[in-house]
There are 2 protein chains.
Amino acid sequence: MGNQVKRLAVLGSTGSIGQQTLDIVRTFPQHFQVIGLAAGANARLLAEQVQEFRPRFVFCQDRTITLPHLSEFLPMTDMACHPDVDMVVMATSGKAGLAPTLSAARAGKKIALANKESLVMAGGMVTREVRRHGARILPVDSEHSAVWQCLRGERQKPAKIILTASGGPFLHYSPEQLKAVTAAQALKHPSWHMGRKVTIDSATLMNKGLEVIEAHWLFNVPFANIKVVIHPQSIAHSMVEFTDGAVKAQLSYPDMRLPIQYALSYPQRLPNPELPHVDWGISSSLTFAPPEPDRFPCLRLAIEAGQKGGTYPTALCAADEIAVELFLAGQIGFADIAGLVAAALDEHQPVARPDLGDILAADTWARERVQQLVAKGL
Amino acid sequence: MGNQVKRLAVLGSTGSIGQQTLDIVRTFPQHFQVIGLAAGANARLLAEQVQEFRPRFVFCQDRTITLPHLSEFLPMTDMACHPDVDMVVMATSGKAGLAPTLSAARAGKKIALANKESLVMAGGMVTREVRRHGARILPVDSEHSAVWQCLRGERQKPAKIILTASGGPFLHYSPEQLKAVTAAQALKHPSWHMGRKVTIDSATLMNKGLEVIEAHWLFNVPFANIKVVIHPQSIAHSMVEFTDGAVKAQLSYPDMRLPIQYALSYPQRLPNPELPHVDWGISSSLTFAPPEPDRFPCLRLAIEAGQKGGTYPTALCAADEIAVELFLAGQIGFADIAGLVAAALDEHQPVARPDLGDILAADTWARERVQQLVAKGL
């Protein structure tokens, strides 16, 4: 790391990834400085974070929060491209991350990317802007961090990417049992503590499907060469197969602070006594099995949308976001999430090479369409 | 690889590793050329190899074999340092590999090293000569190749090396059952096809102990940071833990051609359709457990000898070589291997900073001592 302190803008600082990012900054004040904080609705927690980190730039949807002396309000897109920001941690969830990600890409920033929607909705556009402006995406998702770590120092593109999936809490449920699943059940993930949206997406395997699309864009690998395997222990975070048949895997106990820290400290690795180390003194078993797409149709829907391209992944992403909200509000059942997404994709009129306007239009259309379908009683 | 063909001297070409090295050369004639072949007693197979590969240099203990036109006899130590040799594949087993390895090191060669005895007997001397003359050791053992692949592109030394061990055919045998084991049983390894000596060493776990010493010298990691875990499936070939707690593992079905090819083609990876690729479409389970040193005392003996240093590892290696020979000849029981090695180490008068003479003297002493102990009826 040398003596240079990396100046971070943490967008989405009150969410799960945002809070864990600030934990890493607390552990390594000699390496990282927070100069920007942005959050959505949780103004109370943001105010505490602002008091603690004294960032120069703050954004909050609720503009009534009190700022300390020398802090100023700044929109997220301006914060993401500010010349004093060395790295943008994109930890917002949902489509709110897209515009700041594009802004950071166009400013040539290092982007620690936890917001998968940017790449799923607009992977072609985001990666084009990244290349054009010399920006760099440092993946924060545990799976993509694992792939990135396994590719370190390798000269060739991977022959295959193997994304592991815990399978979520309902791995062994029958289709009938799946229909009766409640939001409270779905929010109890067996191995990861995450935000509510991603926890539900993990239970439907939609999250893994979105990660396949993300991996396609991050590592420039065709969909046919990206495999998903069910690995309930969540120890092997993903794997890469090379042309000679060698496979590399990255393993660790499930703790998002590791991939966050890796993205922040890259290319260095920092010793962090607060992170768990795998205990090889106890017996353990790591299991791997192919997924069953018939019971978890969201995985197939996502991969198909990725392969079709254009605005299909945007429509998928938006339809899923609304369907998950409706499920969490108790308005639809668990199995209806996949049904609504499938219905929206069936009716979607795609744009093959979308610009930002096309993407935002597809997003709006899919959200409204899912609402309409539910209002009509599906 | 560019257009340059690597010119290889394969020492120990008729053994298991030697034959598989020639398989790789057959697959990639555009990348590798055999210009030297050397073997011990198997003159018939060596003669066939010489006819096929037409090497310029040949060595055989049996000098009656007919050489083709333009081939000449050359001692192994001369072949290992010949200016036309780009890489020496050190595939001899036992102490016969030490002198040619030192010769190759002093000539600044790339050394694809499968002969673990060189590093176990004389790790300090070999690594010193490698550093001094700009040589490079490319590990061929599957475990060390795995560690080397996991370290690729990493800037820091490993915090920990985790060597996996299949546990051999007697993993779940009681001490009484172990006493009754025959050579025929011990030669049936559950997951690897290897030479006879290393197969017996795998059954006693001595092989893993020697690999711990080898790993210590290859990767400059203290013994306290090298762990052994039992992994009967032999899919994860070893692992590296970094300071941030991340672990990387290299996985593949057990096939020595992969680590051989990796050492030969490094830094490139070559697509080889003959090598097996892990099938993620079937369910699998990888298990890991700590070893039980009480049932497999050779593992503990080897690590202790490595930690004591000096000529202890030489004495260990030599005592084991004779004890395994006696076991294979039906003259001693399976459990006597560890007993004889322990007895020899107990009586050994070590030299702390040995030169080659001290090492060869310790080797001779330990061999004779084991023979004497057996002649006296232990």
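Residue numbers start from 1 in every chain, and the chains themselves are labelled A, B, ... in the order their sequence lines are given, proteins ahead of strands.
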Requested in this report: Please state whether the side chain, the backbone, both or neither of A:Q156 comes within less than 4.5 Å of a heavy atom of chain B.
Outcome: side chain
Requested in this report: Under 4.5 Å heavy-atom distance to chain B, tell me which part of A:Y253 shows up: side chain, backbone, both or neither.
Outcome: neither
**Report entry** Between A:R152, A:K248, A:R269, the one whose heavy-atom pairs under 4.5 Å with chain B are most numerous
**Finding:** A:R269
Query raised in the report: Looking at A:A236, A:S252, A:P271, which has the largest count of heavy-atom pairs under 4.5 Å with chain B?
Result: A:P271
Query raised in the report: Nearest 0.5 Å, what's the CD1-CG distance between A:I24 and A:N272?
Result: 5.5 Å
Report task. Using distance alone, with no hydrogens and no angle criterion, decide if B:Q19 and B:D23 have a side-chain donor and acceptor under 3.5 Å apart. Result -> no
Query - Best-contacting candidate, B:L258, B:I282, B:V228, against chain A by heavy atom pairs under 4.5 angstrom - result: B:L258
Requested in this report: Output the distance between atom OH (B:Y266) and atom NZ (B:K110), rounded to the nearest 0.5 Å.
Outcome: 10.0 Å
Report task. For residues A:Y262 and A:W148, establish whether the separation of their ring centroids is below 6.0 Å. Result -> yes
Report task. Mind ranking B:S284, B:S285, B:G245, B:P273 by heavy-atom pairs under 4.5 Å with chain A and telling me who comes out on top? Result -> B:S284
**Report entry** Ring geometry between A:F32 and A:F28 (parallel below 30°, tilted from 30 to 60°, perpendicular above 60°)
**Finding:** perpendicular
Query - Spatial distance of atom CD (A:E214) from atom CG (A:N207) [nearest 0.5 Å] - result: 8.5 Å
Query raised in the report: Does any heavy atom of chain B fall under 4.5 Å from the side chain of A:E241, the backbone, both, or neither of them?
Result: side chain
**Report entry** Winner by heavy-atom pair count (cut-off under 4.5 Å) against chain B, out of A:V278, A:I162, A:D255, A:L151
**Finding:** A:I162
**Report entry** Contact winner vs chain A - B:R155, B:K227, B:Q149, heavy-atom pairs under 4.5 Å
**Finding:** B:R155
Query raised in the report: What residue in A:H231, A:M239, A:H237, A:Q261 has the most heavy-atom pairs under 4.5 Å with chain B?
Result: A:M239
Query raised in the report: Is it true that a side-chain atom of A:R136 and a backbone atom of A:V130 form a donor plus acceptor pair closer than 3.5 Å?
Result: no
Query raised in the report: Do A:D86 and A:R7 sit within salt-bridge range, that is, some charged N less than 4.0 Å from a carboxylate O?
Result: yes
Report task. Would you mind telling me which of A:I235, A:T287, A:D244, A:I230 has the largest number of heavy-atom pairs within less than 4.5 Å of chain B? Result -> A:D244
Report task. Go through B:P259, B:P276, B:A246 and name the one with the most non-hydrogen pairs under 4.5 angstrom from chain A. Result -> B:A246
